[in-house]
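In the text below, chain A, chain B and the rest are named by the order of the sequence lines, each starting its count at 1.
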There are 2 protein chains.
Amino acid sequence: MTTTRKVTSLDVAKRAGVSRSAVSRVFTPGASVSERTASKVREAASALGYRPNVLARAMLTGKSKIIGLVVAYLDNHFYPTVLELLSEALEREGYHVLVFMAAHSTDDVEDVVSQILDYQVDGLILASVSLSSDLADRCRASGVPVVLFNRKLEAEGELAVVSDNRMGGRLAAEHLISLGRNRIGHIAGWEGASTQRDREAGFMEGLRTAGLGLFAREVGDYRLPRAKEAARRMFDTPDRPDAVFVANDYMAFGVMDVLRSELGLRVPEDVALIGFDDVPSAAWPAYGLTTVKQDAEAMVSTTVDALLSEIGGTEVLPPAPLPVTLVRRITA
Amino acid sequence: MTTTRKVTSLDVAKRAGVSRSAVSRVFTPGASVSERTASKVREAASALGYRPNVLARAMLTGKSKIIGLVVAYLDNHFYPTVLELLSEALEREGYHVLVFMAAHSTDDVEDVVSQILDYQVDGLILASVSLSSDLADRCRASGVPVVLFNRKLEAEGELAVVSDNRMGGRLAAEHLISLGRNRIGHIAGWEGASTQRDREAGFMEGLRTAGLGLFAREVGDYRLPRAKEAARRMFDTPDRPDAVFVANDYMAFGVMDVLRSELGLRVPEDVALIGFDDVPSAAWPAYGLTTVKQDAEAMVSTTVDALLSEIGGTEVLPPAPLPVTLVRRITA
DNA sequence: TCCCTCACTGCATGCGTTTGCACGAGACTG
DNA sequence: CAGTCTCGTGCAAACGCATGCAGTGAGGGA
């Protein structure tokens, strides 16, 4: 194994007959270099295969050009989509994404965030994890901008990008009611999540406006097995709902499978089903899930804008909840 | 915005009344420190909220503890699963994952890999992207171990982790034949991929052994829209196959949707369908996709083992293809 | 008591960059 | 022709840490 010594700016400098500074300036956009030396340097650099060491640069400038992303799970197809979008958007801006998986538990997140900060990330995106406000403080203390994605902190002006979940819940209720259903149930996600609270609040609001109450309620924790159990509890009885709002699409798939395959119920004839998110597979004919669509692209670009502004030093005020829309397919 | 100065090892040293070296040693497992100073340092450190700067450490030691991962797409559910597993496994070993999205095109990959190397990653995982052997050389030249995931290079001893795709293809053929089908088609993935070539080769082998030929063939490029078009071309005709092997599950879902929803064909009665991968949603009752299972966990742990050994300096020989198994559900 | 050993500690150097500062050389101006 | 600007360049000092080396002291054996 021929140990290929790493080629540094000094090597390039020597070959081009200039100083290290000159080399550095050539690779620093907007620095003052004559075209003559610039071309000499570029030539030497490519001959030697030189590329600036991002880490070394990061030490001096304090800007690592890396963004930490904490995400709780990837099995819900919403998040891979988001990750892809996020990564592409950030790459376009010269940043890269360091990914961390975190369990739900707050102390795990605590630990994970500490680890991220060790990498001197320029910013932090917390997708779908709950952040103690204590932790939020610690991040701010390290001077690292944080933005929450698809989750908000009830506290003060924390930067958080969310859809209008309340309105979404309301739309779901109104739609089910417009279908003439009146025994309407709800399968909730994880109750620690702001998304869940807001969606349910809006949903209840919608029911109440129509003079209805909740017919049944179970908790699925945003997890597939739990959601299926919830569905069994809710529907394996004669006195079952004729419609259900499931707090996200991922769980809705499980619920639908239980309804059709296990319980032999017809969707939507026996029970109307509506989800939340509009993940790609919701549109697949096998499900054809009616759902409340979150605009992932808008969420991502809002997130990136906010984060980059903060990094740039601009104090940015919390973005407004993004609009959601009802996507009507066949399940409701 | 109170600019909180970054707390360095010197701050801790001063507060604990020791030298920077002492502090450093406390945070370096296996270094020689007395318990007395160690505890003083730890106390000072936690009081100040000190954590070693990974980037600075990386400069000295040459080990950044970061692994670059380039992945082509995340819409195929196989990859999010892998990403999650990979990230968890590496975190367990003290590494973290820097993610890069790459298009199919080789020159894009080229560019992406250059960017990754700028970050001084300790290792590189190329998932589902094709690597020119030229590029492989360049990586080796920078001394960064590379392992290909779910793709192999026909060339020499490149480190590549793959399933026994050939055997998988064979299993698929044998299964369809055992069902009594004899007009058997194939919807291929991207033909530039070794997985595609191997799966098809095995499949053809299986057919040939039974004295059969391929009844029809279309290309889906591992992309959903293409796969659906392929399915339409193949099946929207009276003279259609009675069974089809689709090169991965993701495309198989699309194919199935076309068969059932667009063409009104019954699966498996009219046409038997078998996929490849066994992504989680293949098991969902709405699809119940019969498929050849790749053992994602084994693939990941093999990948991590190989990569970490290489990083550790152990010359490791290319791992053998991992076993696949037929998972029989309802579509075939 | 003396010397050797050993566990610990501090000093100083270096990792590969960026960047403020000073300096030389032209290019202009009056 | 002297003075002022400007542009381009090199020097050297950081950035935050790890680590070889030398030095300290305590403990132990003879």
Side-chain angles (χ1 to χ4, degrees), chain A residues 3-42 44-45 48-66 94 117-122 142-143, chain B residues 3-42 44-45 48-66 94 117-122 142-143:
Chain A
T3 308
T4 333
R5 216 175 49 73
K6 203 144 289 192
V7 23
T8 81
S9 68
L10 187 59
D11 301 322
V12 179
K14 283 209 283 239
R15 186 183 232 261
V18 297
S19 72
R20 289 209 309 280
S21 328
V23 177
S24 168
R25 285 189 248 263
V26 171
F27 286 92
T28 310
S32 163
V33 212
S34 72
E35 183 46 45
R36 221 171 73 80
T37 58
S39 68
K40 274 195 304 184
V41 166
R42 268 193 290 266
L48 265 42
Y50 169 78
R51 309 204 92 211
N53 180 331
V54 178
L55 268 42
R57 169 180 299 167
M59 290 215 52
L60 267 299
T61 62
K63 306 272 106 194
S64 61
K65 302 305 263 181
I66 108 170
L117 294 181
D118 294 350
Y119 282 88
Q120 314 299 115
V121 295
D122 291 345
S142 352
Chain B
T3 307
T4 333
R5 214 174 50 73
K6 203 145 289 194
V7 24
T8 81
S9 69
L10 186 58
D11 301 321
V12 179
K14 282 208 282 239
R15 185 181 230 264
V18 297
S19 73
R20 289 210 310 279
S21 327
V23 177
S24 169
R25 283 189 251 264
V26 170
F27 287 93
T28 310
S32 165
V33 211
S34 73
E35 183 47 45
R36 221 173 73 79
T37 58
S39 67
K40 274 195 304 185
V41 167
R42 270 193 289 265
L48 266 43
Y50 169 77
R51 307 204 92 213
N53 180 330
V54 178
L55 267 42
R57 171 180 295 169
M59 291 214 53
L60 268 298
T61 63
K63 306 272 106 191
S64 62
K65 302 306 264 180
I66 107 170
L117 294 181
D118 294 349
Y119 282 88
Q120 313 300 116
V121 296
D122 291 346
S142 357

Would you say that Asp118(B) contacts Asn53(A) through its side chain, given a criterion of any heavy-atom pair below 4.5 Å between the two side chains? no
Classify Thr61(A) by what it touches in the nucleic acid, base, sugar-phosphate, or nothing, heavy-atom distance under 4.0 Å. sugar-phosphate
Please determine if Arg42(B) and Glu35(B) form a salt bridge, counting it only when a charged side-chain N lies under 4.0 Å from a carboxylate O. yes
Can you check side chain to side chain contact (heavy atoms under 4.5 Å, CB included) on Val41(B) and Val18(B), steps first, answer last? CA-CA 8 Å; Val41(B) 167; Val18(B) 297; 3.9 Å; yes
Over all strands shown, is Ser24(A) touching base, sugar-phosphate only, or nothing at heavy-atom distances under 4.0 angstrom? base
What are the two closest heavy atoms between Val7(B) and Val12(B), and how far apart are they? CG2-CG2, 4.5 Å
Run the side chain to side chain contact (heavy atoms under 4.5 Å, CB included) test on Gln120(B) and Val54(A) for me, step by step, so that the C-alpha distance in whole Å, both residues' side-chain angles and the decisive distance to 0.1 Å come before the verdict. CA-CA 8 Å; Gln120(B) 313 300 116; Val54(A) 178; over 6 Å; no
Under the side chain to side chain contact (heavy atoms under 4.5 Å, CB included) test, which residues partner Ser9(A), sequence neighbours left out? Arg20(A), Val23(A), Tyr50(A)
At 4.0 Å (heavy atoms only), tell me whether Val23(A) reaches a base, stays on the sugar-phosphate, or touches nothing. nothing
If you assign each of Ala56(B) and Glu35(B) to its closest nucleotide in DNA chain C, which residue comes earlier from the 5' end? Glu35(B)
NA contact type, Ser34(A), heavy-atom cut-off 4.0 Å: base, sugar-phosphate, or nothing? sugar-phosphate
At their closest point, which heavy atom of Ser142(B) faces which heavy atom of Leu117(B), and how far apart are they? OG-CD1, 3.5 Å
Under 4.0 Å between any heavy atoms, over every strand shown, what does Ser9(B) touch: base, sugar-phosphate, or nothing? Just pick one. sugar-phosphate
For Ser21(A), report the nucleic acid contact type (base, sugar-phosphate, nothing); a contact means any heavy atom under 4.0 Å. base
With a 4.0 Å cut-off on heavy atoms, is Arg51(A) in touch with a base, just the backbone sugar-phosphate, or nothing at all? sugar-phosphate
Tell me what Tyr50(A) touches on the nucleic acid: a base, only sugar-phosphate, or nothing, going by heavy atoms under 4.0 Å. sugar-phosphate
For chain A, the stretch of DNA chain C it reaches, first to last nucleotide, under 4.0 Å of its heavy atoms: dG16(C) to dG20(C)
Phe27(A) and Arg51(A), any side-chain heavy atoms less than 4.5 Å apart: no
The side-chain contact (heavy atoms from CB on, under 4.5 Å) partner of Arg57(A) among Thr61(A), Leu55(A), Leu60(A) is Thr61(A)
Walk along DNA chain D from 5' to 3' and tell me the first and last nucleotide with an atom closer than 4.0 Å to a non-hydrogen atom of chain A. dG8(D) to dG16(D)
